[in-house]
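Worksheet for the structure shown next.
Here the structure is a predicted model, which means the values were calculated and not measured.
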Amino acid sequence: MRIVAATGLLAALALTACNPSIPEEAHAATAPETASAEKVEAHVRFLADDLLEGREAGTRGYDIAALYVAEQFRAYGLQPGGDDDSFMQEVPLFRYQLDQSAPQSLTVTEGANLPLELGSDYLISASSQVEQGVIEAPGVFVGYGFIAPDGSRNDFEGVDLNGKIAVIFRDAPSDLNTEERAHYSSTSYQRLSEAGAVGVVTLYHPVAQERYSFERRAAMDRMGRASMTWVDADGNAHSSASNLRAGATMSIEGAKKLIEAAGRDYDTLVKETVTGTEPFELGLTLRIEANSTHEEITSPNVAAILPGTDETLAGEYVVLSAHLDHEGVKPSFNPNEDTLFNGAMDNASGTSALLEVARLLSLDPPKRSVVFVAVTAEEKGLVGSDYYARFPTVPAEGVVANVNLDMPIMTYEFEDVVAFGTERSSLYEPVKAAVEGAGLTLSPDPNPDLGLFTRSDHYSWVKQGVPATYLVPGHANGGAEAQAKFLPEDYHRPSDEADQLNFNALARFAAVKADIARSVANMEERPSWNEGDFFGDMFAGEGE
Ligand SMILES: [Zn+2]
């Protein structure tokens, strides 16, 4: 699971508990005949061991994990699904990070005398596009940078962003469906870039502050967190907002100063932006200096193919994914304590379930072919899955669905499953049937405000027009409490270790996932988006 500043997982602390009474027989019905707790435990204990050093993309620890996964696939008799008849698809990665030894600053050079302090008023973002970036340009406030598809709201109305520095709140209107809101929020920089902006200043919003505070983000920055993207065929770092050459993020305190210097009131602006924004020129010239280091590396996605048994349907592929990478070792994180991020739950558990699903399906293959892919660099921004979804190792037009596993919290006996996004496509019925067939309940998204639909790897396939779903255990039978404990205490921390997992639960989860995969891979009709679905229309075009 990937951290996004505007929608941190910590809001899950506010979860409400639910304890539906499920009869004892339900437990019995879900006990898997075939999924092995010992096998998933062995996978998790290997992948989350200190010897693998946190499996950060581009490191030796990750490469050992990738080799392990590949050789398990081989042991199950799967076909290589990577480059040149191997199990590895090498992903050309571009690593960029702030150069801590070089100057970083945000200043107001014209229109006001406003001293701003790095670390408390603002943070500078690393750039994938330029190493030494200095942008000096007038600032223009454009709300959420949102344009409604029906034309009812346009945050850019009447202002010219060309060559300017955009100033925004990174969110989208709250009256949108939460998944669509998350989509618009995550694509706001792209719209700024398309409108000609050359820089961006993102203002912290009170809601964002509550979810993933500026201070926590500042602490991450001090640790020197690297970002990644992939390198395109022309050798350029891929970016959906390549016009933006520099960026800064302001704390609420810093934002208040800036907005006041522009003759406006921050709190009023926060309120007004909800319903619609009158964009305005700040009357201030801003200067952002950002120095980044760039490095090209490679890291593999691990892919394997199980050929389908039906002559016609074997040309269609259901892609099952789980990210294999995690956060590595961070020497500056609690320097006197454990600094190795084992990532047992995130996502050794999902990868181990994927391996067990591969083993189970290989014993009795479904009609369609299945691609198993353990992706790299999810923690760097869904990079490995984006690369695989764009450049699949099987014919792209044959990829019909994606089912993703990321950070199933496996510390309790789950009794329900959440399948993000299924209600948007014909995947809903087969998924529901498989979940209920296992004696479990299919529950709706318990935390719609977190926008999880855009925060894990399945979204990479959604963006290619492929119906997708992302499976996690639900809130019933202690799930809400388990999540409320795990997220603040262990999520993206060195304490995410193997000992806390319930391996029986993980085996049951793998069994359900295998049922779901089989159910989807045996669907009579090719999976399709529902008529008029937002994501189907946006990425797959009409009539898909
Ligand atoms: Zn994560």
Side-chain angles (χ1 to χ4, degrees), residues 1-2 81-82 89 91 179-180 182-183 186-187 229-230 238 240 301-306 308 315-325 347 350-351 353-354 357-358 368-407 418-428 430-431 445 451-472 513 516-517 519-521 523 525-530 533-541 544:
M1 173 59 59
R2 159 185 181 232
Q89 179 193 42
V91 181
E179 294 173 347
E180 294 163 20
H183 164 77
S186 70
T187 50
T229 181
W230 47 268
H238 169 76
S240 58
N301 289 326
V302 190
I305 299 168
L306 176 65
E316 294 185 358
Y317 299 85
V318 175
V319 178
L320 307 187
S321 56
H323 78 87
L324 179 59
D325 69 305
N347 182 32
T351 304
L354 181 76
V357 173
R368 284 187 180 76
S369 298
V370 179
V371 181
F372 300 90
V373 56
V375 295
T376 187
E378 186 271 356
E379 303 286 9
K380 312 300 182 192
L382 317 184
V383 183
S385 60
D386 190 45
Y387 192 81
Y388 190 90
R390 286 169 190 261
F391 311 111
T393 52
V394 296
E397 64 279 6
V399 176
V400 299
N402 167 249
V403 183
N404 183 51
L405 286 178
D406 187 2
M407 206 174 81
V418 178
F420 296 95
T422 35
E423 67 290 346
R424 296 181 172 278
S425 73
S426 64
L427 296 179
Y428 182 77
V431 169
D445 182 354
L452 292 181
F453 189 67
T454 61
R455 290 180 46 200
S456 188
D457 290 308
H458 61 285
Y459 189 56
S460 294
W461 279 275
V462 170
K463 288 197 290 183
Q464 301 307 318
V466 176
T469 184
Y470 159 33
L471 304 176
V472 292
K513 160 106 184 198
I516 288 171
S519 193
V520 170
M523 280 170 75
E525 303 277 331
R526 179 183 174 126
S528 60
W529 293 95
N530 294 344
D533 180 75
F534 174 82
F535 291 103
D537 284 356
M538 174 157 299
F539 296 119
E544 167 66 19

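For Thr393, the side-chain hydrogen bond (donor to acceptor under 3.5 Å, both in side chains) partners are Tyr388, not counting sequence neighbours. Residues passing the side-chain hydrogen bond (donor to acceptor under 3.5 Å, both in side chains) test with Ser385 are Asp457, Ser460, sequence neighbours excluded. Every residue two or more places apart in sequence or in another chain that forms a ring pair (Phe, Tyr, Trp, His ring centres under 6.0 Å) with Phe539 is listed here: His183. Every residue two or more places apart in sequence or in another chain that forms a side chain to side chain contact (heavy atoms under 4.5 Å, CB included) with Ala304 is listed here: Phe73, Leu78, Phe87. Considering only residues two or more places apart in sequence or on other chains, Asp533 meets the side-chain hydrogen bond (donor to acceptor under 3.5 Å, both in side chains) condition with Arg424. Residues that satisfy the side-chain hydrogen bond (donor to acceptor under 3.5 Å, both in side chains) test with Asn301, not counting sequence neighbours, are Gln89.
With Ser426 contributing its side chain and Ser528 its backbone, the two residues share a donor-acceptor pair below 3.5 Å. Listed for the Asp445 side chain is no donor-acceptor partner under 3.5 Å among the backbone atoms of Val418. Side-chain N or O atoms of Thr351 include one that pairs as donor or acceptor with a backbone N or O of His323 at under 3.5 Å. Although no hydrogens or angles enter the test, the distance criterion places a donor-acceptor pair under 3.5 Å between the side chain of Asn347 and the main chain of Leu405. Remark: the backbone N or O of Asp386 is not paired with any side-chain donor or acceptor of Lys463 at under 3.5 angstrom. Distance alone, capped at 3.5 Å, is enough to place a donor-acceptor pair between the His458 side chain and the Phe453 backbone.
Residues Asp325 and Thr376 bring no donor and acceptor atom of their side chains to less than 3.5 Å of each other.
The two residues Leu320 and Ala517 make their nearest non-hydrogen contact at CD1-CB, 3.7 Å. In plain terms, the two heavy atoms of Asn404 and Ser321 that are nearest each other are OD1-OG, 2.8 Å. Smallest separation of non-hydrogen atoms from Val466 and Asn402: CG1-N, 3.9 Å. The shortest non-hydrogen separation linking Val462 to Ala468 is CG2-CB, 3.8 Å. Listed here is the closest heavy atom pair of Pro527 and Leu427: CB-CD2, 3.8 Å. Between Glu179 and Thr454, the shortest heavy-atom contact is O-CG2, 4.2 Å.
In this structure, the separation between OG1 on Thr469 and OH on Tyr428 is 11.0 Å, given to the nearest 0.5 Å. To the nearest 0.5 angstrom, Tyr459 atom OH is 11.0 Å from Gln464 atom CD. Rounding to the nearest 0.5 Å places CZ of Phe535 at 7.5 Å from CE of Met538. Separation of atoms CG (Asp406) and OH (Tyr470) is listed at 4.5 Å; rounding is to 0.5 Å. Atom CZ in Arg455 sits 9.5 Å away from atom CZ in Phe420 (nearest 0.5 Å).
Taking 4.5 Å as the limit, some side-chain heavy atom of His238 sits within range of a side-chain heavy atom of Arg390.
Relative ring orientation between Phe391 and Trp230 is described as perpendicular, the plane-to-plane angle rising above 60° on a 0-90° scale split at 30° and 60°.
Only one option out of Ile305, Val357, Val319, Val302 pairs with Phe372 in a side-chain contact (heavy atoms from CB on, under 4.5 Å); it is Val357.
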